Each structure stands twice: as structure tokens, then as C-alpha cells.
There are 2 protein chains.
Amino acid sequence: MVRRMNKKKRQEKLMELVNQQPFLTDEELAEQFGVSVQTIRLDRLELSIPEMRERTKALAEAAYGQLRAMSGQELVGQLLDVELGKGGSSLLKTTEEMGFSKTKVIRGHHIFAQANSLAVALVDSPVVFTATAEIHFLHPVYSGESIFCQAEVVSVNGNRTLVEVKSKVSGREVFAGRFEVVAIETWDAARGETGNPEG
Amino acid sequence: MVRRMNKKKRQEKLMELVNQQPFLTDEELAEQFGVSVQTIRLDRLELSIPEMRERTKALAEAAYGQLRAMSGQELVGQLLDVELGKGGSSLLKTTEEMGFSKTKVIRGHHIFAQANSLAVALVDSPVVFTATAEIHFLHPVYSGESIFCQAEVVSVNGNRTLVEVKSKVSGREVFAGRFEVVAIETWDAARGETGNPEG
DNA sequence: CGAGTTATTAAGACCAGGTCCTAAGAGGAA
DNA sequence: TTCCTCTTAGGACCTGGTCTTAATAACTCG
């Protein structure tokens with residue numbers, strides 16, 4: 001940033017940079033563009049870019065809210081027997097609305113959602129999401145039937161947990177899957193590493 | 001919080017509350033527990049809970065980094081023809097490593113990943129993720145075959161984009177899916193609504 | 001060229017939400 | 001009662017701003 005940019009160009013670049021690196025302070029931005037902190041602040045005002053801490057908060061809230069909402073709405077089926085980090089099961093009683101009106105076959109989405117919901121529930125963290133999934137729909141399920149879903153934690157690698165899931169209807173396997181669940185690290189986890197002040 | 005809690009109990013509750021609501025200030029926490037701000041700060045120090053702004057930043061960075069990493073690693077296949085908000089296609093040349101060693105059948109995970117990758121690529125936002133997916137594996141794919149994947153944006157509802165995806169090998173449909181892609185809102189989007197200072 | 005306008009810079013008061021330090025008061029146990 | 005722990009209060013200082021005033025530099029136009 002040796003040469004001076006005109007205002008319009010600088011503001012375009014500023015918007016790009018802040019989108020890519022939302023955690024930069026005004027001082028850091030000023031250094032990047034070779035202008036004063038005050039100029040950056042005027043630019044931000046004109047472009048309606050919030051301050052660093054507001055940006056951070058907006059991102060955190062959006063991410064936290066979305067992921068929580070996602071986790072919340074992914075709670076499909078009744079959890080029966082959950083042992084964090086090991087395994088568990090859940091039961092989903094299917095209804096007419098879950099199926100195609102003509103064939104009564106349950107939409108795969110619901111079967112997937114139950115399995116995913118259970119997989120996610122096995123990970124002990126407030127904020128988690130499914131990164132990848134390997135899925136096999138083996139037999140159709142008809143509305144009115146109950147899906148019994150079992151999951152087992154296969155491996156844990158850092159903040160990634162691999163969970164194998166099998167869904168059955170009357171003992172017959174209708175779905176099998178493998179979910180990789182990612183936990184977003186929080187300070188709770190960090191506490192575990194720095195030792196427990198009491199106990 | 002009318003009655004006073006002993007220190008141990010209060011610290012347990014504090015940890016829980018901060019995990020559930022990471023954006024509360026020390027003052028707000030002090031009000032919740034009926035103690036002084038200073039006491040909350042001492043508690044936080046003992047429990048190694050960072051201050052509100054640090055917590056926010058940690059969440060934002062973790063979420064931002066994880067989601068970006070996830071989006072990055074979900075780029076499977078070569079994007080051929082992407083029109084943001086409308087549709088596009090991609091090509092995945094399968095290899096031996098993607099399949100089961102005995103049958104040469106490609107693992108569903110890779111097919112899913114290509115489709116998901118393309119769906120996500122159609123949404124114009126730096127931070128996106130797939131909230132839900134409805135998936136149908138129709139025919140096996142064998143290693144060495146090339147998967148041609150096409151996607152089309154069906155509808156947009158706020159920050160949620162519904163994308164339909166079809167994958168083919170030599171003209172035969174091998175996979176079909178419906179992905180709901182969620183975009184995490186940023187201030188860039190907010191600028192679009194507040195008007196452009198310079199046209 | 002000069003006048004007017006825009007852009008940039010600087011300085012200061014004040015804010016929010018802390019960290020760090022010192023010290024006094026309250027409460028409980030031996 | 002003494003001793004210890006916990007709680008509270010106050011102050012200095014920090015970071016990263018917002019808001020205001022004002023001076024200077026650069027640019028545009030007649």
C-alpha cells in the first residue's frame with residue numbers, strides 16, 4: 001500500500017478486506033491502506049461497516065444462532081438412551097405428512113434428519129454441526145411405521161467425531177449412515193485443559 | 001436469584017449460563033446471581049472463563065474458521081458453469097481411492113460431497129453451510145467413471161436457499177438431492193439494504 | 001489563478017467493558 | 001476471640017471505539 005488510492009477505490013478495497021478478515025482493528029486497517037485511523041473510521045461510517053467488536057459480535061451471534069437453530073431443528077425423534085461420546089438410540093413415529101401423498105413412502109429427508117439428530121446428540125458440546133455424511137437408504141419406510149435409530153461413536157479425532165448410525169423398522173434395516181460431527185471449541189473445553197480449580 | 005448461593009454452586013451455574021449465553025457482560029451476570037461485578041470477575045478468573053469480548057471473538061473465529069474450512073474442504077469436483085443464485089454444474093473424475101477396494105463402487109460420501117459442494121457454491125456469501133439435505137442414491141458409480149453434477153436454485157427464503165441437484169454418469173442419473181443452504185449474514189448484506197453512498 | 005468544496009488529519013472528551021491492584025468489611029469455623 | 005475465606009469497593013489503566021471541533025491539504029471549477 002505504498003501508493004495512495006483515491007477514496008472510491010479505497011472504500012471498495014476496504015469492504016472486500018473487512019469481509020475477508022472481519023477481526024482487523026481500525027488501526028490495522030489504517031496501516032494497510034496508509035491512511036489515518038480517522039479516515040478509516042469515516043470510510044466505515046459512509047459504508048455502514050460496523051466497528052470490529054460489533055462485527056465480531058454479529059458474526060458470533062449469527063453463527064451461534066444459526067448453528068443452534070440448526071441443531072435445534074435437527075432434533076428429530078425421541079432420544080431414548082444417549083451416552084455421550086459412546087452411543088445411543090432414538091425413536092421416530094412417522095406420520096402421513098412425512099410421506100409422499102400417493103405412495104405413503106417417507107421422504108428420505110426425515111430418515112436422514114433423525115439419524116443426523118442422534119449423531120449430533122452424542123457429542124458433548126453446545127455448538128456442533130455435521131460436516132460430512134455418508135448415507136445409504138436401504139429400504140422404503142411407510143407412514144405410520146416407527147423408525148428405531150441406533151448410533152455408535154466410532155472414533156474421535158480432535159473436535160471431529162465419527163458416528164455410525166443404523167435405522168430399523170420392525171427389525172429390518174432401512175437406513176445406514178456415517179456422520180462426521182464437528183464441535184466448535186468453547187472455553188468450556190479450554191477449562192478442561194487448564195485444570196480444575198476445585199475438585 | 002433472591003437467595004445467595006455458595007461459591008461452588010454459583011460457579012457451576014455460572015459456567016452453565018455462560019455456555020448458554022456467551023454474550024452476557026459481567027454486569028449482567030452479576031445481576032443474575034445477585035453478587036458484585038468484582039465477584040463475577042473473580043469467579044471467571046478461577047474458572048478460566050475469558051471476558052465477554054474474548055468469548056465472542058473465540059466463537060466468531062471458531063465458527064468463521066470452521067465453516068470456512070468446511071466450505072473449503074467441501075469443494076469437491078471441478079466447477080464448470082456456475083451462475084450465482086441460479087444454477088451450475090461440476091465434474092468429478094473418480095479414482096480408485098474413492099471406492100470400496102473389492103467392488104470398485106464409489107462411496108456415497110464422495111457423490112454427496114460433490115453435490116453439496118456445488119449447491120453451496122451457488123450461494124453468494126462468504127460463509128455458508130448446508131442445513132438439511134434430502135438425498136437419493138439411484139445407481140452405483142464405479143471408480144474411473146466421471147460424475148457430471150447439475151444444480152438449480154429452486155427457491156430463496158431469507159438466508160435459506162433451496163437447491164436441487166442431479167448427478168449423472170454417461171447420461172444415466174445416479175444421484176438426486178435437495179439441499180437447503182444457509183448463509184450467515186454479514187454487514188455486506190446489511191449495506192445492500194442501507195443504500196449505496198456512491199453510485 | 002482564486003474561491004469553494006471535498007478529503008484527510010489531529011486532538012480531545014467520553015464510552016463500554018474490561019484487567020490489575022489494594023484494602024476494608026462480612027461471614028464462618030476452630 | 002482469632003484466623004481464614006469470601007465479598008465488595010474503589011482506583012489506575014487498557015483497548016477500541018464514538019462523537020465533536022478544527023486545521024490543513026488536495027482537488028475541482030469558473
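The figures that follow rest on heavy atoms only: side chains count, while hydrogens, waters and symmetry mates do not. Quick note on labels: first sequence line is chain A, next is B, and so on, each numbered from 1. From a predicted model like this one, the values you see are computed outputs, not experimental measurements.
- In the hydrophobic clustering (ILVMFWY side chains linked at under 4.5 Å, chained through shared members), A:Leu91 is joined by A:Leu80, A:Phe148.
- What separates NZ of B:Lys9 from C1' of D:dC6 is a distance of 18 Å, to the nearest Å.
- Rounded to whole angstrom, the span from the CD1 atom of B:Ile40 across to the P atom of C:dC20 amounts to 17 Å.
- Picking from D:dG17, C:dG18, D:dT7 the nucleotide with the shortest atom distance to the side chain of B:Thr39 gives D:dT7.
- Side chains of A:His139 and A:Val174 form a contact here, defined as non-hydrogen atoms less than 4.5 Å apart.
- Distance A:Asp26 CG to D:dT18 C1': 11 Å, rounded to the nearest Å.
- Expressed to the nearest 0.5 Å, how far CD1 of B:Ile147 lies from NE2 of B:His110 amounts to 9.5 Å.
- One side chain, A:Gln114 or A:Ser90, offers a donor N or O that lies under 3.5 Å from an acceptor on the other.
- In this structure, B:Glu46 atom CD and C:dC20 atom P are separated by 14 Å, rounded to whole Å.
- Within 4.0 Å of A:Leu42, counting heavy atoms only, lies at least one base atom of the nucleic acid.
- Contact annotation: B:Arg41 does not reach the phosphate of C:dC20 (side-chain N/O to OP1 or OP2, under 4.0 Å).
- If you take CG of A:Leu29 and P of C:dT9, they are 14 Å apart, rounded to a whole angstrom.
- Put simply, CD on A:Glu31 is 12 Å from P on D:dG16, counting in whole angstrom units.
- In this structure, the nucleotide among C:dT9, D:dG17, C:dG17 sitting nearest to the side chain of B:Met52 is C:dG17.
- C:dT8 atom P lies 15 Å from atom CZ of A:Arg44, rounded to whole Å.
- Comparing C:dG17, C:dT8, D:dG17 against the side chain of B:Thr25 picks out C:dG17 as the nearest.
- Looking only at side-chain heavy atoms (C-beta outward), A:Arg55 and A:Ile49 come within less than 4.5 Å of each other.
- Between the side chain of A:Arg53 and the base of D:dG16 there is at least one donor-acceptor pair of N/O atoms closer than 3.5 Å.
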Taking protein heavy atoms under 4.0 Å as touching, what does nucleotides 23-30 of chain C look like 5' to 3' if B marks base contact, S marks sugar-phosphate-only contact and - marks none? --------
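- Distance, B:Ile49 CD1 to C:dG17 C1': 16 Å, rounded to whole Å.
- Contact check on B:Arg44 versus B:Glu54 returns no salt bridge, with no Lys/Arg side-chain nitrogen under 4.0 Å from an Asp/Glu carboxylate oxygen.
- Contact annotation for A:Gln38: base contact, defined as any heavy-atom pair under 4.0 Å involving a base atom.
- Using a 4.0 Å cut-off, no side-chain N or O of A:Ser36 falls inside it from OP1 or OP2 of C:dT8.
- Sparse packing is recorded around CG of A:Asn157, with 12 or fewer heavy atoms of other residues, nucleotides or ligands lying under 6.0 Å away.
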